[in-house]
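Quick notes on the structure that follows.
Numbering of ligands and ligand atoms starts at 1, following listing order.
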Amino acid sequence: MSEAKSVAIIGAGPVGLAAAAHVLERGLRPIVLEAGESIGHSVRQWGHVQLFSPWEYNIDRAAERLLASTGWNSPDPHQYPTGAELVEHYLEPLATKTALADHIHASSRVTDISRAGVDKLKTKGRESAPFEIRYQNGQGPKVVKADAVIDASGTWHSPNPAGANGLPAIGETRAAGKIAYGMPDVLGKDRARYAGKTVAVLGAGHSAIGTLTDLARLANEVPETQPIWLLRGSDPAKAFGGGANDKLVARGELGAAFAVLVTAGRIRVESEFRVSHLTADGPRLIVATGSGSCCRQVAVDELIVATGFRPDLNFVRELRIRLDPAIECPVALAPLIDPNEHSCGTVRPHGARELAQDEPGFYFAGMKSYGRAPTFLILTGYEQVRSIAAEIAGDHKAARRVELVLPETGVCSHSATPDASQCCGGPAPSAVDAYCTADANAKQQGKAGCGCAS
Ligand SMILES: Cc1cc2nc3c(=O)[nH]c(=O)nc-3n(C[C@H](O)[C@H](O)[C@H](O)COP(=O)(O)OP(=O)(O)OC[C@H]3O[C@@H](n4cnc5c(N)ncnc54)[C@H](O)[C@@H]3O)c2cc1C
């Protein structure tokens, strides 16, 4: 009897574990390599943050089937977990109490991937050569072979720097002691660092507005705390989101509550602030848009950089990868998620076909598959890995089937002459009188539309 096909899965976040569940269900053999000491390593770093999607959108179906056989009590579908609760009530039981437990290797950081005996240049014999995955687990370099690879390693560990040009601002490395990236727990374990301080938050996404909202709360308790919002754009209202139109109610509410704080003057706003220099000035940090007298400056005690994330592509360098040059995501996905074209999080469900690479058997999935685009939803990742596992197992029909309806954001900004192929999940089906997929979904639900074509 031939051995089951093996699939290396990089990262044991929500999408990596879901991939393992689908792979196992398909009779394949998952090998999950996780860099952190335990599964859900990245989610644990933002454990204090409440998700904007309720439980019903956070649980993968194959994972649920595995958990069901352990007597698992599924959480209330309408409640909103924090990151820590997502780990405790879902990811931990999935990784420790089901058949997945035997396939997960923690403290195993993948450093390089290639194909056995075949370098990037060589085409002959490429498809049949197994992947060789190198990883480090503190006991010297290790190698594992696999027939396919799903890279679900996320982007949390490679945040964008402060510089508006995408490079670290001049002085950023030297000022590291006064800078945090992502979403520090300003009301919890990092409270002492921020209470009573002047704190600038750079960015305009959910992480930035969530942190500013928490800092405004901290200012209620410690009035000397001064939150400053530094945004590169000119219109703060763009960050307020879809409000009541957002199908993910908590996300809409977050934006609406933030708008109230800004309007009430509880957060100082510095728009069109494109950081280029960071300089220590005694105990303070000068955040500046240039170096001469023409530049704008703010003096702060702490800077939180929440300018998004980018994929770490170093360890896939020896593979034949084709990415969109701007977004750094698989090329077919780019028109659906390009933030230059639309801010809509309503993305047409997609799978193996869109995520396939020139390297047969290799797929990006999860947060990393979106490259630098900020609108990824866990549910999208679950559909991706369902489709990828089906494709690897040879069930091409199931791989192409769409088994998911995504919630709409209610935010659909677009360029002056919108192009339906690049908006809101792509063009609407031809039989439907609608502009794009989101517009069609909205009309199907008896609404006027998504606002795209208005
Ligand atoms: C603060 C925050 C809130 C969010 N809220 C929501 C929400 O409400 N709803 C929603 O749908 N989405 C939300 N998201 C977006 C997204 O769904 C999550 O980021 C989700 O965790 C992505 O899952 P993932 O498995 O793709 O990546 P991750 O959760 O980032 O997991 C990747 C894993 O790979 C590991 N890894 C990294 N590099 C390597 C390596 N070289 N070798 C081995 N392992 C490696 C990491 O340690 C990590 O455990 C949120 C994101 C953030 C940051």
Any Gly381 heavy atom less than 4.0 Å from ligand 1: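 For ligand 1, residue contact (heavy atoms, under 4.0 Å) with Gly381 is absent.
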Close approach of Ser108 to ligand 1, heavy atoms, under 4.0 angstrom: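 In this structure, Ser108 qualifies as a contact of ligand 1 - some heavy atom is under 4.0 Å.
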Can you find an N or O of [X] that's nearer than 3.5 Å to an N or O of ligand 1?
X: Leu379; result: no
X: Ser207; result: no
X: Val15; result: yes
X: Ala365; result: no

Regarding [X] and [Y], does a basic nitrogen lie under 4.0 Å from an acidic carboxylate oxygen?
X: Lys178; Y: Asp301; answer: no
X: Arg193; Y: Glu302; answer: yes
X: Arg191; Y: Glu221; answer: yes

Under 3.5 Å: donor-acceptor pair, side chain of Ser271, backbone of Asp235: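 Such a contact is absent between Ser271 side chain and Asp235 backbone.
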Donor-acceptor contact below 3.5 Å, side chain Tyr57 vs main chain Phe52: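 Flag not set: sc Tyr57 to bb Phe52 has no pair under 3.5 Å.
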Evaluation steps, salt bridge (Lys or Arg N to Asp or Glu O under 4.0 Å), between Asp214 and Arg217: CA-CA 5 Å; Asp214 284 351; Arg217 261 187 227 143; 3.2 Å; yes
[X], portion touching ligand 1 at heavy-atom distance under 4.0 Å:
X: Ala152; value: backbone
X: Lys368; value: neither
X: Phe52; value: both

Can you name the atoms of ligand 1, numbered from 1 with element, that are less than 4.0 Å from a heavy atom of [X]?
X: Phe376; value: 12 (N), 15 (C), 16 (C), 17 (O)
X: Gly11; value: 33 (C), 34 (O), 35 (C), 44 (N)
X: Met367; value: 16 (C), 19 (O), 22 (C), 26 (O)
X: Ser42; value: 30 (O), 46 (C), 47 (O), 48 (C), 49 (O)
X: Met183; value: 1 (C)
X: Trp156; value: 53 (C)
X: Ser53; value: 7 (C), 8 (O), 9 (N), 10 (C), 11 (O)
X: Leu377; value: 10 (C), 11 (O)

Out of [options], whose heavy atom sits nearest [atom]?
atom: atom 23 (O) of ligand 1; options: Ser158, Gly366, Pro14; result: Pro14
atom: atom 21 (O) of ligand 1; options: Leu33, Val43, Val316; result: Val43
atom: atom 11 (O) of ligand 1; options: Ile378, Thr380, Thr82, Val385; result: Ile378

Leu323 to Val331 - nearest heavy-atom pair and separation: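 Residues Leu323 and Val331, closest heavy atoms: C-CG2, 3.8 Å.
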Nearest non-hydrogen partners of Leu212 and Pro227, listed with the distance: CD2-CB, 4.1 Å
Pairs meeting criterion salt bridge (charged side-chain N to carboxylate O under 4.0 Å, His left out) with involvement of residues 85-102, two or more places apart: Arg44-Glu92
Test of ring centre spacing under 6.0 Å for Trp229 and Phe258: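 Yes, close enough.
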Exercise: do His41 and Glu34 side chains pair donor with acceptor under 3.5 Å: no
Side chains of Ser107 and Asn137, donor plus acceptor under 3.5 Å: no
